[in-house]
Amino acid sequence: MPHDSYDPHTIEPKWQEIWDKRQAFKTPSDPDELAGKPKFYVLDMFPYPSGAGLHVGHPEGYTATDVIARMKRMQGFNVLHPMGWDAFGLPAERAAVREGLHPADITRRNVDTFRRQIKRLGFSYDWDREISTASADYYRWTQWIFLQLYNRGLAYMADVPVNWCPALGTVLANEEVKDGRYVETGDPVERRLMRQWMLKITVYAERLLEDLEGLDWPESVKEMQRNWIGKSRGADVVFRIADSDRDFTVFTTRPDTLFGATYCVFSPEHPLVAAITTEERRAAVEDYVTAAAQKSDLDRTDLAKSKTGVFTGASAVNPVNGERIPIWVADYVLMGYGTGAIMAVPGHDERDHEFARAFDLPIIEVVSGSDKPIEEAAFTDNQDGVMVNSTGADGLSLDGLRVPDAIARITAWLEERGLGTGRIQYRLRDWLFSRQRYWGEPFPIVHTDDGEVVALDESWLPVGLPAIDEYRPTEDGRPPLARAGDDWLKVALPDGRIANRETNTMPQWAGSCWYYLRFIDPHNESEPWSKQLENYWMPIDLYVGGVEHAVLHLLYARFWHKVLYDCGWVSTKEPFQKLFNQGMILAYSYRDSNGKYYLPSDVEVREDGTATLRATGEALESQIEKMSKSKLNVVNPDDVIAEYGADSMRLYELFMGPLEVQKPWQMKGVEGVYRFLQRTWRLVVDEKAGGLNPRLTDAPSSSEPELERTLHKTIKKAASDTESLQMNTGIAQMMIFVNEATTAETLPRATVTTFLRLLSPYAPHLSEELWHRLGEPDLIAHADWPQYDETLCIDETITVVVQINGKKRDELQVAKDTDRGEIERLALASPNALKHMEGKKPKKVVVVPGRLVNIVV
RNA sequence: GCCGGAGUGGCGGAAUGGCAGACGCAGCGGACUCAAAAUCCGCCUGGGGCAACUCAGUGAGGGUUCGAAUCCCUCCUCCGGCACCA
């Protein structure tokens, strides 16, 4: 039994304690101390500390950023690498109701679990900068930022149709609702008109779109944001209502098709509907509008298959030709986009076409080029089609023009006559910013009895959360904060008036919109952060997290950042210069024929891949799925660490495959990297005899020239693969080195210590221990990153492949600097090549130096 | 329906115009051992061959090229996002 084998359970706590004691990863907070070194700000998307604790998916991104942080530190950067908690949120509030505790207690308990689990992995966070969005000295500044928004006119209250979730007793943002259900829980959501806080993110639509250009983000995430912002160019066109002095405006991206407009449609919520409806049609229209109002989004989506609508009895006058066209009401037109009214061109819009067919409305072709009759299908091409049937009064004719030219012509014509204007429309809507919840930031706002909204002065912050007995809405439907006593609810204003506090709270996104700025200066009591430090650290050089935040968090945070930029509080237009999404980690799950799941520990997986239940031998179905409690396939990092240690856990997280893809967790894979670390251990330690490996020598690295070459190749590849987050191949190269070192005759110490520095960001505990045993006095975490010698990265002799007609037939060993002609001569003379040329003359010879020769015959 | 991304051994994956399968897992054979575990060495895409070697092969089909997993076209499958946005 070896008495000095690799034992992560001894060395990992030991080094974590030493790092802690020496404050090895403390980032200076004094600007003078920071000066003179380049900076690197590497940030994880901070977690919501749920009650379930960590699973192995969480540390994937954290491990990647930690490796980068450690490497950058060794490369001489000041590194900012913090961790904190997105601590407000609904689950804690619900757990509080369930357990009869305060949400703050639930949150504290969950944070303690998360922190303990994260610390066991040996991450080099500067824990002095830990923040929680739910602590008053943090949310004080969230409230302060809200005041900046309010004072710039970017926050307002409005009666808006909201997504009300009865099960949760709160409104939700549009983004939190999909197919009429809350995306997190699946509870149904209905539409209600309520007075709510809104943020004018739409003012920033163009900048949010434009500034995506310069960001080093995954193209897919940029595209998702672009789609969400949804910019379209078009025109507003004014239609007069026949036999009336009223008019209305529609937005269209195809003003060129105005001659093809055969009817107009109002959204059921359009304010003019009641006014224009004729008496004969009133009952039918009112029925339709009422029915539409009662429909949830879910119903409206479900009914999308066939179009419904009702005629108002009124007509509109087409401004280009004076023709009267009927006005309908239909719920396929949305009040929330454009003007809530459209001109319908069934010949050239699929939705209008479907509606016209359903209600037997006329279809006119105004763009030619379709290969089907216009009655059969709308022709929607907007590039090559040529205008027809488009001549009206006033000398206007679009006939013969191609669509883009027609759009320009008609827009100019409308503008000249005051009948319309070219306009850009965004799909993005203002951000619904209030929630009827307890566990969130209170607004720094009070309401006077006469209805005035008063923003509190900065000096009154923070507005703390009051103690209340129940975390439910009041009986009359007001938010939970309305349950607070008058000592909290009533506020005496400086002018003597008594006002009532706002009882809505902010959504969970608020705290995560600016946490990256607080990390820069987390203990500042007089300002949200120091501008000098902000100027040093921003922007974030690498931001890593899940793709589920591609739109919401990242768009909201960018919006706040731009507001803060306009206020002069931040120095960069964008907060996150480089974004990286790690892929989800999946796991095998096992299910019987009734769909019941079993724990992997109760399952026997045989060589051929089939699975059976250990107790009964029953055959089970195995599949790879997202980890979830109900599928009994959650892998807890605590268990992995207990068996293999944190270093193996870290290494496997990154060795599994490319960081950005989904991949299944396989325990056998952890064993593989564990064996690699054991082999590394044995390079330094003589397990049986104790002490150092006798093969270690004080001779220079060049005394083992082959190993030295491999070392330099490894330095090169490990550094570049780490930098580019291709850590799986970087680790593979380190394995190649260790395999070779294992069989080398001697091990020059310099070779080993150089290698350990490369390994140390990945397996920091093991590397510290071996570094120490090799007599190095300082921490490896503070050592210099090794440099490679390019000349040692190229082998003295290289293998050149000889191909005949693209097929490999032979290979040559040649000196690395052999010239083209010589290589060609050798190739043409190689025995196997000659055999396959069958005496034919080479037609062409392609020589790729250092790689191959292709002989074409 | 529209917009992205991906399909490579038994498995995770490598190679992004130049030797397909690096590295790891699993498996097989060997050494060590009384034995086992651990460790070390070797084999490990499929077909044919005693072997040297040879034929086929990166979802399917076609193309460009001296040369294609990689570039282009058509199609299939899977994953993600959006979905009456006028």
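Note that the structure is predicted; figures quoted are calculated from it, not measured. Convention: sequence-line order gives letters A, B, ...; per-chain numbering from 1.
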Legend entry - Exercise: do A:Tyr337 and A:Ser232 side chains pair donor with acceptor under 3.5 Å: yes

Legend entry - RNA chain B: 5'-proximal contact among A:Ala341 and A:Gly672 (nearest heavy atom): A:Gly672

Legend entry - Rounded distance (Å) that lies between atom P of B:rG18 and atom CD of A:Gln803: 11 Å

Legend entry - Contact under 4.0 Å: A:Asn581 side-chain N or O vs B:rG80 OP1/OP2: no

Legend entry - Partner nucleotide, any strand, of B:rG1 [Watson-Crick/G-U, under 3.5 Å]: B:rC82

Legend entry - Side-chain (A:Thr339) to main-chain (A:Thr249) donor-acceptor, under 3.5 angstrom: yes

Legend entry - Side-chain heavy atoms of A:Ile374 within contact of A:His348, under 4.5 Å: yes

Inset, instruction - Can you figure out which of B:rG4, B:rU54, B:rC23 approaches the side chain of A:Arg809 most closely? - result: B:rU54

Inset, instruction - Could you pick out which residue, A:Thr742 or A:Gln726, lies toward the 5' side of RNA chain B when each is mapped onto its nearest nucleotide? - result: A:Gln726

Legend entry - Minimum-distance nucleotide (side-chain atoms of A:Arg682 versus B:rC23, B:rU39, B:rC41): B:rU39

Legend entry - Donor-acceptor side-chain pairing of A:Glu604 and A:Thr612 below 3.5 angstrom: no

Inset, instruction - For B:rU74 and B:rA26, measure between their P atoms and round to the nearest Å. - result: 44 Å

Legend entry - Atom C1', compared across B:rC32 and B:rC41: separation rounded to whole Å: 11 Å

Inset, instruction - Look at the side-chain N and O atoms of A:Arg675 and state whether any lies under 4.0 Å from the OP1 or OP2 oxygen of B:rA26. - result: yes

Legend entry - Separation of B:rA83 P from A:Leu334 CG (nearest whole Å): 11 Å

Inset, instruction - Could you measure between the two C1' atoms, the one in B:rU65 and the one in B:rC73, and give it in whole Å? - result: 16 Å

Inset, instruction - For B:rA86, take OP1 and OP2 only and decide whether either is under 4.0 Å from a side-chain N or O of A:Ser232. - result: yes

Legend entry - N/O donor-acceptor pair under 3.5 Å between A:Thr743 side chain and A:Glu740 backbone: yes

Legend entry - Watson-Crick or G-U counterpart of B:rA52, or none if no pair lies under 3.5 Å: none

Inset, instruction - Measure from the side chain of A:Thr253, starting at C-beta and using heavy atoms only, and say which of B:rC11, B:rA86, B:rC40 lies closest. - result: B:rA86

Legend entry - Nearest to side-chain heavy atoms of A:Gln666, which nucleotide of B:rA86, B:rA26, B:rG12: B:rG12

Inset, instruction - Indicate yes or no for a side-chain donor-acceptor contact from A:Thr722 to the backbone of A:Ala718 under 3.5 Å, with no hydrogens or angles considered. - result: yes

Legend entry - Assigned partner base of B:rC25, Watson-Crick or wobble definition, under 3.5 Å: B:rG10

Legend entry - Syn/anti state of B:rG29 by chi, 90° boundary around 0: anti

Legend entry - Nearest-nucleotide pick for A:Ser220, side chain only, options being B:rG13, B:rG24, B:rG4: B:rG4

Inset, instruction - Both distances under 3.5 Å, Watson-Crick or G-U wobble: report the partner of B:rU64, or none. - result: none

Legend entry - Rounded distance (Å) that lies between atom C1' of B:rG67 and atom NZ of A:Lys844: 10 Å

Legend entry - Candidate list A:Phe359, A:Tyr288, A:Phe266, test ring-ring contact (aromatic ring centres under 6.0 Å, His included), partner A:Trp328, passing option: A:Phe359

Inset, instruction - Consider the side chain of A:Glu671, meaning its heavy atoms from C-beta on, and name the nucleotide among B:rG67, B:rA26, B:rG24 that approaches it most closely. - result: B:rA26

Legend entry - Closest to the A:Pro658 side chain, choosing from B:rC84, B:rA86, B:rG13: B:rG13

Inset, instruction - Using a cut-off of strictly less than 4.0 Å, decide whether A:Asn728 has a side-chain nitrogen or oxygen near OP1 or OP2 of B:rA14. - result: yes

Legend entry - Same-atom distance (P) from B:rG80 to B:rA51, integer angstrom: 48 Å

Legend entry - Distance, P atom - from B:rG21 to B:rU45, rounded to whole angstrom: 9 Å

Legend entry - Whole angstrom value for the distance that separates C1' of B:rA86 from CZ of A:Arg254: 11 Å

Inset, instruction - Report yes or no: is there a donor-acceptor pair, N or O only, under 3.5 Å between the side chain of A:Lys808 and the base of B:rC19? - result: yes

Legend entry - Nucleotide nearest A:Arg851 when distance is taken to its side chain, options B:rA56, B:rA22, B:rG18: B:rG18

Legend entry - Value in whole Å for how far the P atom of B:rG13 lies from CD1 of A:Ile585: 12 Å

Legend entry - Base B:rC66 paired with A:Lys843 side chain (donor-acceptor, <3.5 Å): no

Legend entry - Presence of A:Arg427 side-chain N/O under 4.0 Å of B:rC82 phosphate oxygens OP1/OP2: no

Legend entry - Separation of atom CE in A:Met224 from atom P in B:rA83, rounded to whole Å: 11 Å

Inset, instruction - Tell me whether the OP1 or OP2 atom of B:rG12 has a side-chain N or O from A:Lys663 closer than 4.0 Å. - result: no

Inset, instruction - Check every strand shown and say whether A:Asn227 touches a base, only sugar-phosphate, or nothing at a heavy-atom separation below 4.0 Å. - result: nothing

Legend entry - Rounded interatomic separation in angstrom, taking OH from A:Tyr762 and C1' from B:rC23: 13 Å

Inset, instruction - Assign A:Glu350 to base, sugar-phosphate, or nothing according to its heavy-atom contacts below 4.0 angstrom with the strands shown. - result: nothing

Legend entry - Pairwise side-chain contact, A:Pro8 with A:Tyr644, heavy-atom cut-off 4.5 Å (strictly under): no

Inset, instruction - Could you check whether A:Ile342 gets within reach of a base, just the sugar-phosphate, or nothing at all, counting any heavy atom under 4.0 Å? - result: base

Inset, instruction - Check whether NZ of the Lys or CZ of the Arg A:Lys231 lies under 6.0 Å from the centre of the six-membered ring of A:Tyr426 and within 45 degrees of that ring's axis. - result: no

Inset, instruction - Sticking with atom C1', work out how far B:rA15 lies from B:rA69, rounded to a whole angstrom. - result: 8 Å

Legend entry - Nucleotide of B:rG18, B:rA86, B:rG12 approaching A:Phe655 most closely (side-chain heavy atoms): B:rG12

Legend entry - Inter-nucleotide C1' distance (B:rA35, B:rG46), Å rounded: 38 Å

Legend entry - Residue matched to B:rA38 through Watson-Crick or wobble contacts both under 3.5 angstrom: none

Legend entry - Candidate nucleotides B:rA26, B:rA14, B:rA86, ranked by approach to the side chain of A:Lys668 - the nearest: B:rA26

Inset, instruction - Provide the distance between the two C1' atoms, one in B:rG9 and one in B:rG59, to the nearest whole Å. - result: 15 Å

Inset, instruction - Quick one: label A:Asn739 by what it contacts on the DNA or RNA (base, sugar-phosphate, nothing), any heavy atom closer than 4.0 Å. - result: sugar-phosphate

Legend entry - Integer-rounded Å distance: B:rU39 C1' and A:Glu687 CD: 9 Å

Inset, instruction - Tell me whether the OP1 or OP2 atom of B:rC82 has a side-chain N or O from A:Arg226 closer than 4.0 Å. - result: no

Inset, instruction - Measure up the A:Trp431 and A:Tyr556 rings against each other and bin them: parallel (under 30°), tilted (30 to 60°), perpendicular (over 60°). - result: parallel

Inset, instruction - Pick base, sugar-phosphate or nothing for A:Val801, based on heavy-atom distances below 4.0 Å to the nucleic acid. - result: base

